[in-house]
Amino acid sequence: MRTARGHVVRALTIAGSDSGGGAGIQADLKTMHQFGVYGMSVLTALTAQNTMGVQGIFDVSPEFVRQQLDSVWSDIGVDALKTGMLANSKIIGTVAAFLREVRAANVVVDPVMVAKGGSPLLAEEAVQSMRDELLPLATVVTPNLPEAEVLCGFEIRSSHDLHRACEHIAAMGPQTVVLKGGHTPPRSIDSDLSSPDNGLAVDLVYSGGTFTYFASGRVKSDKTHGTGCTFSSAITSMLAQGQSVLESIASAKAFIFAAVAGAADWDIGEGHGPTDHTAAVPDKFTPEAGRFYLYRAGEWSTRSRPLDGSIGNRPSDK
Ligand SMILES: Nc1ncnc2c1ncn2[C@@H]1O[C@H](COP(=O)(O)OP(=O)(O)OP(=O)(O)O)[C@@H](O)[C@H]1O
Ligand SMILES: Cc1ncc(COP(=O)(O)O)c(N)n1
């Protein structure tokens, strides 16, 4: 695929390796390839990992992370990039300094902290660097619920908290916040939220002072290893092609739904299996800000107010 300026579209992932192939740079490169984009990778850490969990982690030195960034940037160039597992504050500092130096545009930050199986992928001391150094550079940041709680320093228990968390994270500098609702809420949470009971996977997007809601059916499957990596790489691929942030999020949402649905009966590993990165890339869809969108049977529909009565409005919108 080529940009409007005629060159091949290039996307970069700055992330960890998952030896099991379902998350990390492997998920990112597979997704970029599926979106027709030329993918590159700067490795921050190697993990010995499979569908059962993480058995070992080997961090790359910050100097070697820098060398990889220099290599990619000086010769090839990048239209959009994402960060995933960054392991520690020194790597975050190195990446942030580099992105500032080259004035990187189209930066998607997936603030990876903990693997689905519970293994930490980011040192605790690094959360402050994530807030202070990386988030101000982000075009889009994509926390899941537990990551949003860590970034905000308060618990998310209600629809009101979800909206407050988006505003709180936006105040750290990113242009757009996507609060992902794929996770089972960490504790009992209001029934109007994205909970496994309402059959929807709802992501709340806060951009330019406006909330937009993207929902899809929730696939009943435990094959969700690497959903966050795949989702953020799909956004990155679309931004690299010159699409708007909301268009990019809409395509990523439709793609991750298809990828989770496609792998529901896969037999890769004994644990939380990967998603299907060969899923079809959806047609581009141009959403309007401030609305509720539901993706079903390959089509988007919209309402100006809650979908199926199951998604809470921002309290002040009522
Ligand atoms: N079972 C599911 N069915 C449909 N969509 C899902 C499902 N699980 C997650 N998603 C979607 O996948 C995307 C990633 O969300 P999720 O909250 O799983 O990210 P994550 O926890 O960061 O992932 P990871 O654990 O890979 O880091 C979101 O758009 C979410 O709504
Ligand atoms: C190298 C790497 N990066 C990111 C994740 C998060 O994915 P998940 O939460 O699905 O395990 C992971 N497990 N490994």
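Note that ligands are numbered from 1 as they come in the structure, with each ligand's atoms numbered from 1 the same way.
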> Are any of the N or O atoms of K116 closer than 3.5 Å to those of ligand 2?
Replying inline: yes
> Is it true that D110 and K180 make a salt bridge, defined as a side-chain N closer than 4.0 Å to a carboxylate O?
Replying inline: yes
> What atoms of ligand 2 come closer than 4.0 angstrom to any heavy atom of S17?
Replying inline: 1 (C)
> Should Q49 be counted as touching ligand 2, given the test is an N or O pair under 3.5 Å?
Replying inline: yes
> Which option, L200, D203, D110, V202, owns the non-hydrogen atom nearest atom 29 (O) of ligand 1?
Replying inline: D203
> Using the benzene-type ring in the case of Trp, are the ring centres of H168 and F154 under 6.0 Å apart?
Replying inline: yes
> What part of K253, side chain from CB on, backbone N/CA/C/O, both or neither, has a heavy atom under 4.0 Å from ligand 1?
Replying inline: side chain
> Just by distance, with hydrogens left out, do N106 and D79 show a side-chain donor and acceptor under 3.5 Å apart?
Replying inline: no
>> Against ligand 1, does A23 come closer than 4.0 Å with any heavy atom?
In response: no
>> Could you tell me, atom by atom, which parts of ligand 2 come under 4.0 Å of a heavy atom of A115?
In response: 9 (O), 11 (O), 13 (N)
> Is there a heavy atom of A27 sitting under 4.0 angstrom from any atom of ligand 1?
Replying inline: no
> Which of the numbered atoms in ligand 1 are below 4.0 angstrom from a heavy atom of K116?
Replying inline: 18 (O), 23 (O), 24 (P), 25 (O), 26 (O)
>> I'd like to know if E101 pairs up with R66 as an ion pair, taking the criterion as any Lys NZ or Arg NE/NH1/NH2 lying under 4.0 Å from an Asp or Glu carboxylate oxygen.
In response: yes
> For the rings on Y293 and F285, is their centre-to-centre separation under 6.0 Å?
Replying inline: yes
>> When you compare ligand 2 with G226, is there at least one nitrogen or oxygen pair between them that comes in under 3.5 angstrom?
In response: yes
> Side-chain donor-acceptor pair under 3.5 Å between T224 and H272, yes or no?
Replying inline: no
> Of the listed options (T227, V114, D18), which comes nearest to atom 18 (O) of ligand 1 when hydrogens are ignored and any heavy atom counts?
Replying inline: T227
>> If we only consider heavy atoms of I256, is any one of them less than 4.0 Å away from an atom in ligand 1?
In response: yes
>> Distance alone, cut at 3.5 Å: any donor-acceptor contact between the side chains of Q175 and T139?
In response: no
>> Would you say the rings of F35 and F255 are close, in the sense that their centroids are separated by under 6.0 Å?
In response: yes
> Near K180, which atoms of ligand 1 are under 4.0 Å from a heavy atom of that residue?
Replying inline: 14 (C), 15 (O), 17 (O), 19 (O), 20 (P), 22 (O)
> Side chains of K82 and S232: do they bring a donor and an acceptor to under 3.5 Å?
Replying inline: yes
>> Please state which option from A201, G24, S221, G228 has its nearest heavy atom closest to atom 5 (N) of ligand 1.
In response: A201
> With a cut-off of 4.0 Å, which atoms of ligand 2 are near a heavy atom of G16?
Replying inline: 1 (C)
> Near G217, which atoms of ligand 1 are under 4.0 Å from a heavy atom of that residue?
Replying inline: 3 (N), 4 (C)
>> Would you say S207 and T176 are linked by a side-chain donor-acceptor pair, where the criterion is simply a distance under 3.5 Å?
In response: yes
> In terms of atom number and element, which parts of ligand 2 are under 4.0 angstrom from non-hydrogen atoms of H225?
Replying inline: 8 (P), 10 (O), 11 (O), 13 (N)
